[in-house]
Protein chains: 4
Amino acid sequence: MARPLSPEKRLALLLAATQAVAEQGVLASTASIARRAEVAEGTLFTYFESKDVLFQELYLHLKQSLADRVMPSYPHAADYRQRMRHVFDQYVVWGLNNADGRVALARLSASGVVRDATREQATEPFLAFSRMMQDAINDGVLLNAPIAFLTSIMERVAETTIEYADKHPQDAERTQQLAFPLLWRAISG
Amino acid sequence: MARPLSPEKRLALLLAATQAVAEQGVLASTASIARRAEVAEGTLFTYFESKDVLFQELYLHLKQSLADRVMPSYPHAADYRQRMRHVFDQYVVWGLNNADGRVALARLSASGVVRDATREQATEPFLAFSRMMQDAINDGVLLNAPIAFLTSIMERVAETTIEYADKHPQDAERTQQLAFPLLWRAISG
Amino acid sequence: MARPLSPEKRLALLLAATQAVAEQGVLASTASIARRAEVAEGTLFTYFESKDVLFQELYLHLKQSLADRVMPSYPHAADYRQRMRHVFDQYVVWGLNNADGRVALARLSASGVVRDATREQATEPFLAFSRMMQDAINDGVLLNAPIAFLTSIMERVAETTIEYADKHPQDAERTQQLAFPLLWRAISG
Amino acid sequence: MARPLSPEKRLALLLAATQAVAEQGVLASTASIARRAEVAEGTLFTYFESKDVLFQELYLHLKQSLADRVMPSYPHAADYRQRMRHVFDQYVVWGLNNADGRVALARLSASGVVRDATREQATEPFLAFSRMMQDAINDGVLLNAPIAFLTSIMERVAETTIEYADKHPQDAERTQQLAFPLLWRAISG
DNA sequence: GATGAATGAGCTTTCATTCAT
DNA sequence: CATGAATGAAAGCTCATTCAT
């Protein structure tokens with residue numbers, strides 16, 4: 001994949017795609033994405049080989065955006081509960097601050113266009129977190145359950161929290177304070 | 001009345017739509033659905049006014065199918081934990097026995113085509129369960145949290161369980177036995 | 001063509017077709033015509049072999065309806081001018097009293113669906129009038145021009161009068177009084 | 001600008017539409033029009049937003065084509081009769097030289113697809129002629145009748161002349177010589 | 001490299017007509 | 001005979017992608 005001339009245009013296309021997918025799902029047309037990015041229809045295809053490729057890269061981009069919120073401040077030295085809490089809280093913060101990104105990610109994920117290889121690749125930035133999960137299971141701090149299952153539970157609880165807080169802003173605070181203890185009771189050993 | 005609308009054909013169309021949506025999401029063409037149902041393209045539209053209407057009715061049909069598994073055997077007289085366990089377990093059983101239905105429901109739900117009124121309507125068959133949740137909160141058996149939030153958590157844990165069991169059959173048994181206690185720890189007061 | 005069981009249904013269909021064609025032209029669907037006639041979709045086809053046949057018969061029916069207004073009271077013994085005036089005036093009266101019929105006839109006529117044989121057949125009820133035109137030309141009372149041309153002029157002036165009176169009701173009276181003298185000056189020898 | 005919209009292609013589409021509408025009326029398919037214009041089906045829609053828009057523009061195009069025949073040579077300084085004769089004669093010439101255009105215009109006009117605003121807009125190129133009509137009425141040269149009525153009469157007589165000359169070529173000359181005096185007797189004061 | 005006109009396959013939907021009831 | 005469900009061939013229109021400019 002050649003280095004495209006303008007990273008700005010690439011980003012503008014990914015941002016436009018995020019909004020378009022958040023609003024219209026994967027039926028959003030490449031033309032509408034290009035228009036939103038203020039770029040010609042054909043230009044989209046010099047940055048992304050096809051619509052499918054655009055969507056794989058959009059998925060990676062959104063997951064990376066989440067990782068960028070969660071991982072740089074990851075407290076490698078804190079205890080398991082605090083590390084988990086950090087990840088959970090930052091996930092929720094990211095979701096509340098990136099409504100389009102979160103919805104786009106959910107739609108993309110449920111649409112069936114994201115390939116397994118892409119999903120795999122998207123886990124990389126979260127490696128430190130995965131390792132922590134495995135250690136916590138080994139140390140008996142977390143439930144002796146498949147790591148993928150526990151991770152999935154964490155993600156789903158976070159998503160539910162974000163969605164609920166988004167839909168019922170007056171309960172947002174209370175729900176956020178409830179959410180992590182709820183998760184921790186669920187998955188701690 | 002010449003030839004009455006055939007409930008079998010209607011069902012065949014809903015089943016075909018379930019499979020098609022499970023495989024291809026909402027981009028599944030009406031032509032492919034009709035073909036799968038072994039019915040002419042036009043016939044689909046004598047049973048469902050439009051693709052949109054088909055999808056609303058498919059959503060209701062799938063939710064009803066879930067309710068039919070969960071509610072008839074609902075133990076109205078059992079204690080809260082047992083009633084909750086019943087619903088959760090039956091949900092999981094339904095999901096494992098209806099892979100297409102579950103995936104179709106998830107894709108439909110995330111695609112944005114399901115209208116709020118349809119979602120609302122789909123909750124009706126679960127009324128006894130909703131009432132139980134409210135009572136359990138009032139009695140302090142469940143966490144003092146918004147009922148919609150707790151319900152959502154339950155659904156997400158059930159879905160995660162199904163998905164995980166589906167993808168890793170060798171861990172299925174163990175995961176299922178883990179899942180309800182995990183949920184109950186999470187949401188009980 | 002077998003005598004259909006119910007002349008009422010046949011008439012109801014022709015009336016419904018008149019309204020439908022007046023409103024939507026020849027694109028009016030057979031289903032909409034049947035619905036308007038309060039008859040099943042298939043019934044239309046027991047009275048008229050096809051949509052095309054329905055339109056041919058509708059054309060004849062409307063022309064006959066015009067003839068029924070014009071010819072029974074035709075003053076065979078009056079002078080040329082009076083006979084012509086009678087036909088012209090009754091034409092206009094029919095048009096003003098049968099807005100749907102007039103518009104349907106015009107749309108049908110301009111649509112290209114009416115076959116020449118049908119047009120030919122529709123002139124029959126007006127034979128006495130045609131003969132009078134020919135006699136008047138021979139006697140030098142009318143312009144020495146092809147009879148079809150003069151007839152066409154008469155029809156177009158009548159139609160223009162009707163349309164104008166319909167669209168500008170406040171000028172209707174004045175226009176009607178203007179119209180026949182205008183026509184007579186045009187075509188008298 | 002990549003490849004500019006091609007006026008030739010636009011014209012080819014309008015010409016193709018003219019022929020198609022002349023032959024088949026407004027039921028002519030966009031596919032058949034595109035094929036006739038030797039252009040892809042989708043291309044039609046880059047030049048005309050929809051079939052409806054194509055028809056509005058086709059109406060304007062045909063009226064403009066008529067105006068282009070009639071108006072550039074309009075004898076502004078001649079007397080009323082001569083100016084009227086000019087318009088009438090040129091109208092007939094245009095009709096005889098543009099069989100498809102004339103028929104298409106008539107079918108379009110009678111089909112009900114042409115909107116009032118479009119009709120209104122189409123009168124613009126004939127403004128000088130309209131003003132002359134009004135002046136002639138004021139000066140008592142034309143009948144004291146609504147201008148729209150007189151204009152309509154003129155058009156109808158012209159159309160009848162064209163149609164008759166077209167259908168009976170051997171009478172064409174004679175009919176054309178008859179036609180204007182006939183019109184002038186009809187509408188002069 | 002950027003542009004957007006051109007392409008044609010594919011989409012949802014309509015509709016004249018048939019025929020089982 | 002009346003009914004209206006069933007049919008499948010169009011119809012109008014959209015859209016990912018290509019490529020001349």
Side-chain angles (χ1 to χ4, degrees), chain A residues 2 4-6 9 26-35 37-55, chain B residues 1-6 9-10 26-35 37-54, chain C residues 2 4-6 9 26-35 37-55, chain D residues 1-6 9-10 26-35 37-54:
Chain A
L5 203 67
S6 156
K9 251 171 212 168
V26 292
L27 291 109
S29 71
T30 52
S32 80
I33 293 170
R35 201 179 318 119
E38 296 185 319
V39 142
E41 284 182 51
T43 301
L44 187 152
F45 292 91
T46 80
Y47 286 85
F48 305 95
E49 209 179 321
S50 68
K51 194 185 186 185
D52 180 78
V53 167
L54 166 63
F55 281 165
Chain B
M1 201 184 312
R3 199 182 318 184
L5 281 169
S6 144
K9 239 162 228 171
R10 201 188 118 91
V26 292
L27 291 111
S29 72
T30 53
S32 80
I33 294 170
R35 201 177 320 118
E38 296 187 315
V39 142
E41 284 184 44
T43 300
L44 187 151
F45 293 92
T46 80
Y47 285 84
F48 306 95
E49 215 177 316
S50 66
K51 194 185 186 185
D52 180 79
V53 167
L54 167 63
Chain C
L5 204 68
S6 157
K9 251 169 212 170
V26 292
L27 291 112
S29 71
T30 53
S32 80
I33 294 169
R35 202 179 318 120
E38 296 185 318
V39 141
E41 284 181 51
T43 301
L44 187 152
F45 292 90
T46 82
Y47 287 85
F48 306 95
E49 208 179 322
S50 69
K51 195 185 186 185
D52 180 78
V53 167
L54 167 62
F55 281 164
Chain D
M1 204 185 311
R3 199 180 317 183
L5 281 170
S6 144
K9 240 163 228 172
R10 202 189 116 91
V26 291
L27 291 111
S29 72
T30 52
S32 79
I33 293 170
R35 203 177 318 119
E38 295 186 315
V39 143
E41 286 183 44
T43 300
L44 187 151
F45 294 94
T46 79
Y47 285 84
F48 306 96
E49 214 178 316
S50 66
K51 195 185 185 185
D52 180 79
V53 167
L54 167 62

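Letters go in sequence order (proteins before strands), and every chain restarts at 1.
The residue among C:Val26 and B:Ser50 whose nearest nucleotide of DNA chain E lies closer to the 5′ end is B:Ser50. Taking the nucleotide of DNA chain E with the nearest heavy atom to each of A:Glu38 and B:Asp52, the more 5' of the two is matched to A:Glu38.
Interatomic distance, D:Thr46 OG1 to D:Arg10 CZ, rounded to the nearest 0.5 Å: 11.0 Å. In this structure, CG in A:Leu44 is found 12.0 Å from CD in A:Glu49, a value given to the nearest 0.5 Å.
A pairwise comparison of heavy atoms in A:Lys51 and A:Phe45 identifies N-CE2, 4.2 Å as the closest pair. For the pair C:Ala40 and C:Ala34, the tightest heavy-atom approach, listed with the atom from each and the gap, is O-CB, 3.8 Å.
Between the CG atom of A:Leu44 and the P atom of F:dA16 there is a distance of 9 Å, given to the nearest Å. To the nearest angstrom, C1' of F:dT7 lies 10 Å from NZ of B:Lys9. Distance B:Phe48 CZ to E:dT13 P: 13 Å, rounded to the nearest Å. A straight line from CG of B:Leu5 to C1' of F:dA6 spans 10 Å, rounded to a whole angstrom. B:Glu49 places its CD atom 14 Å from the P atom of E:dC15, with the value rounded to the nearest Å. Note: CG (D:Leu54) to P (F:dA11) measures 15 Å, nearest angstrom. Rounded to whole Å, the distance from CZ on D:Phe45 to C1' on F:dA16 is 18 Å. Remark: P of E:dT17 and CZ of C:Phe55 are 10 Å apart, rounded to the nearest angstrom.
Applying the 4.0 Å criterion to OP1 and OP2 of E:dA5, one finds that D:Tyr47 has every side-chain N and O outside that range.
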Which protein N or O atoms sit under 3.5 Å from an N or O of nucleotides 8-11 of chain E?
from  : atom 1 : to      : atom 2 : distance (Å)
E:dG8 : N7     : D:Gly42 : N      : 3.4

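Pairing for F:dA5 goes to E:dT18, judged as Watson-Crick or G-U wobble with the two contacts each under 3.5 Å.
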